[in-house]
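For reference, the structure discussed in these notes is given below.
Both counts, for ligands and for their atoms, begin at 1 and track the order of listing.
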Amino acid sequence: MSQVERGMSQVDDLTAGVQEILIDEATLQGRIRELGAEIAEDYRGRDLLLIGVLKGAVFFMADLMRQLDIPCEVDFMAISSYGAGIDSSGVVRILKDLDVSIEDRNVLVVEDIVDSGLTLSYLLRNLEARRPTSLEVCALLTKPERRENDVPCRYIGFEIPNRFVIGYGLDFAERYRNLPYIGVLREELVAQAEA
Ligand code: IMP
C-alpha cells in the first residue's frame, strides 16, 4: 500500500488504525455490569456524584451509569492531556471545571485510563481541596507498568499491558473514539507519533 493509499484508508476506514482487538465489546460490557453492581452496593443510601473526565470517559460513564440501580448525579471536567502525541507531559490544565460544588458530597471520579497517573494525581489533589465527604476513582483501564504516581483507584475495569490503545472513548489524535471495543493502535502510527 502506498503512503497516499494508507493516508486515505485512515480517513475512510475506521479500523485501519487497529493492530488488534484487546478487549471486545461483550467483555467490556460484562465487566462494566460487574463494576456497576459493586459501586451500587458500596454507595447505596448515600448521595453519589459521578465526575467524568472528558472526553475519553464519556462512553464508559454512559454505560456505567446505566448499570447503577441507585440515584446518582453526574458532572464533567475537561483537563489537558496528551494533545496529538502519546506521552503525558505531567503539566495539567483545567479546560472545563465542574458546574457544581463537591463540598460534603460522595464523589466518584470516572476515568478512561490511568497511564503514568500524573493526570489523575493532579486531579485528585485539586478535588480533595474542595472538601468532598469521600473521593474515589473508577478507571476502566490501567497500565500498571507505566505507573509513576501511586494513585489510589478503588475500582478498576482491566489491567492492560503497556501498549497505546484506542476505541470506546480513547483517541489517537482525536480519532477512533467511536470504535465499540478497545484496540491496540497500529505500530507504524505509534512510531509516527513518537517521531
Ligand atoms: P497519565 O497522566 O499518563 O495517567 O495519562 C492519562 C490520560 O492520557 C488519559 O486520561 C488518556 O486521555 C491519555 N492516555 C493514556 N494512555 C492512553 C492510551 O493508551 N490511549 C489513549 N489515551 C491514553
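- Residue Gly117 places a heavy atom less than 4.0 Å from ligand 1.
- Within the set Asp171, Thr119, Leu141, the minimum heavy-atom distance to atom 2 (O) of ligand 1 is found for Thr119.
- Using a 4.0 Å cut-off between a side-chain N of Lys or Arg and a carboxylate O of Asp or Glu, Glu128 and Arg131 do not qualify as a salt bridge.
- In this structure, Arg66 contributes its side chain and Ala62 its backbone to a donor-acceptor pair below 3.5 Å.
- Listed for the Lys96 side chain is a donor-acceptor partner under 3.5 Å among the backbone atoms of Phe76.
- The ligand atoms of ligand 1 that sit less than 4.0 angstrom from a heavy atom of Glu111 are 10 (O).
- Only backbone heavy atoms of Arg163 (N, CA, C or O) come within less than 4.0 Å of ligand 1; its side chain stays farther off.
- Judged by the shortest distance from any of its heavy atoms, Leu120 lies outside the 4.0 Å radius around the atoms of ligand 1.
- In summary, the atoms of ligand 1 found under 4.0 Å from a heavy atom of Ser116, numbered by their order in the structure, are 1 (P), 2 (O), 3 (O), 4 (O).
- When each atom of ligand 1 is checked for a heavy atom of Leu170 under 4.0 Å away, the hits are 21 (C), 22 (N).
- Of all the atoms in ligand 1, the ones that sit under 4.0 Å from a non-hydrogen atom of Leu118 are 2 (O), 4 (O).
- In this view, Ser101 and Glu103 satisfy the side chain to side chain contact (heavy atoms under 4.5 Å, CB included) rule, not counting sequence neighbours.
- In terms of polar-atom proximity, Val114 is not counted as a contact of ligand 1, lacking any N or O under 3.5 Å from an N or O of the ligand.
- One finds no salt bridge joining Asp63 and Arg33 here, because no Lys/Arg side-chain nitrogen approaches an Asp/Glu carboxylate oxygen to under 4.0 Å.
- Between Tyr43 and Tyr155, the two ring planes are tilted [angle within 30° to 60°].
- Within 6.0 Å of NZ in Lys143 there are more than 12 heavy atoms belonging to other residues, nucleotides or ligands.
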